[in-house]
> 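First the structure, then my questions, so here it is.
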Amino acid sequence: DTEVTQTPKHLVMGMTNKKSLKCEQHMGHRAMYWYKQKAKKPPELMFVYSYEKLSINESVPSRFSPECPNSSLLNLHLHALQPEDSALYLCASSQTPGQNEQYFGPGTRLTVT
Amino acid sequence: DQQVKQNSPSLSVQEGRISILNCDYTNSMFDYFLWYKKYPAEGPTFLISISSIKDKNEDGRFTVFLNKSAKHLSLHIVPSQPGDSAVYFCAASSSGSARQLTFGSGTQLTVLP
């Protein structure tokens, strides 16, 4: 099983809503990542979790709140987002934090209205 | 400041011919390089990688070449197939960056039947 799953596939939310994105992997990977990708741009790293602990936060606004409940799950809680936050949100995992190869999920297409 | 650059936004190749995708980098600390393929509405899929101690890595139809002195790498696909049509991202990492991936802006490859 080399799959990273993400739900939902699509999400439309208003600026006052609270929603969560979910990511799951069952490969025993101990590092998990959130990326944001705008159209025709490369993925940009947001957060890194190493062994279920937040190790890197790339100066992401507090309206994005990550959570790692266990080694297989990664959530991204969203609150008071802006229209410019509309993007594809990608989750990835790697076997260890020091391993280069990251495996990506299909992403959640988020639209903020 | 783009540390990883893919200067060709698009490339069209006839089926059966060779596709050559190029990538340049500026950070001499990068010591590992990866290529990802991305179809629309899907997450990036890991294709092939190369460590800076090598100058070539081959996997089936895919070969990556690294020229450290020129800070340049390329992905060769031979023979190209219509199913190879996708956006290809080059990525780089260094041990000093906790193995974070820095992506290029991508090249849209279209393989014409």
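Heavy atoms only: backbone and side chains are in, while hydrogens, waters and symmetry mates are out. Chain naming here is simple, since letters A, B, ... match the order of the sequence lines and numbering starts at 1 in each.
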> Return the minimal non-hydrogen interatomic distance between A/Asn100 and B/Leu34, and the atom names on each side.
O-CD2, 3.7 Å

> Give the cluster check for B/Ile20 versus B/Val87: same hydrophobic cluster or not, with ILVMFWY residues linked at side-chain heavy-atom distances below 4.5 Å.
no

> Does the side chain of A/Tyr33 come within less than 4.5 Å of B/Leu101's, by heavy atoms?
no

> Can you hop from A/Val48 to A/Val4 via hydrophobic side chains spaced under 4.5 Å?
yes

> Is the number of heavy atoms from other residues, nucleotides or ligands under 6.0 Å of B/Glu42 CD greater than 12?
yes

> So which part of A/Gln37 gets closer than 4.5 Å to some heavy atom of chain B, the side chain, the backbone, both or neither?
side chain

> Nearest heavy-atom pair of A/Pro42 and B/Ser105: which atoms, and what distance?
CD-CA, 3.9 Å

> So which bits of residues 61-72 of chain B come within less than 4.5 Å of chain A, counting non-hydrogen atoms only?
none

> Who pairs with A/Arg63 by side-chain hydrogen bond (donor to acceptor under 3.5 Å, both in side chains), at least two apart in sequence or on another chain?
A/Asp85

> When you group the ILVMFWY residues by side-chain heavy-atom contacts below 4.5 Å and let the links chain together, are B/Phe89 and B/Phe46 in the same group?
yes

> Quick one about B/Tyr32 and A/Glu101 (side-chain donor to acceptor, distance below 3.5 Å, no hydrogens or angles considered), yes or no?
yes

> Using the rule that two of Ile, Leu, Val, Met, Phe, Trp, Tyr join whenever any of their side-chain heavy atoms come within less than 4.5 Å, decide whether A/Leu45 and A/Leu74 are in one cluster.
no

> Would one find more than 12 heavy atoms of other residues, nucleotides or ligands at under 6.0 Å from atom CD of B/Gln108?
yes

> By the ring pair (Phe, Tyr, Trp, His ring centres under 6.0 Å) test, which pairs, at least two apart or in different chains, include something from residues 58-95 of chain A?
A/Phe64-A/Tyr89

> Measuring heavy-atom distances to chain A, does B/Phe33 have an atom under 4.5 Å in its side chain, in its backbone, in both, or in neither?
neither

> Linking I/L/V/M/F/W/Y whenever their side-chain heavy atoms sit closer than 4.5 Å, directly or via other members, would B/Phe30 and B/Trp35 fall into one cluster?
yes

> Can you sort out the partners of B/Glu15 under side-chain hydrogen bond (donor to acceptor under 3.5 Å, both in side chains), two or more places apart, ordered by chain and number?
none

> Which atoms of A/Glu58 come close to chain B, meaning under 4.5 Å heavy atom to heavy atom: side chain ones, backbone ones, both, or neither?
side chain

> So how far is it from B/Gln100 CD to A/Gln102 CD, rounded to the nearest 0.5 Å?
9.0 Å

> Should A/Pro43 and B/Tyr36 count as side-chain neighbours, where that means a heavy-atom distance under 4.5 Å?
no

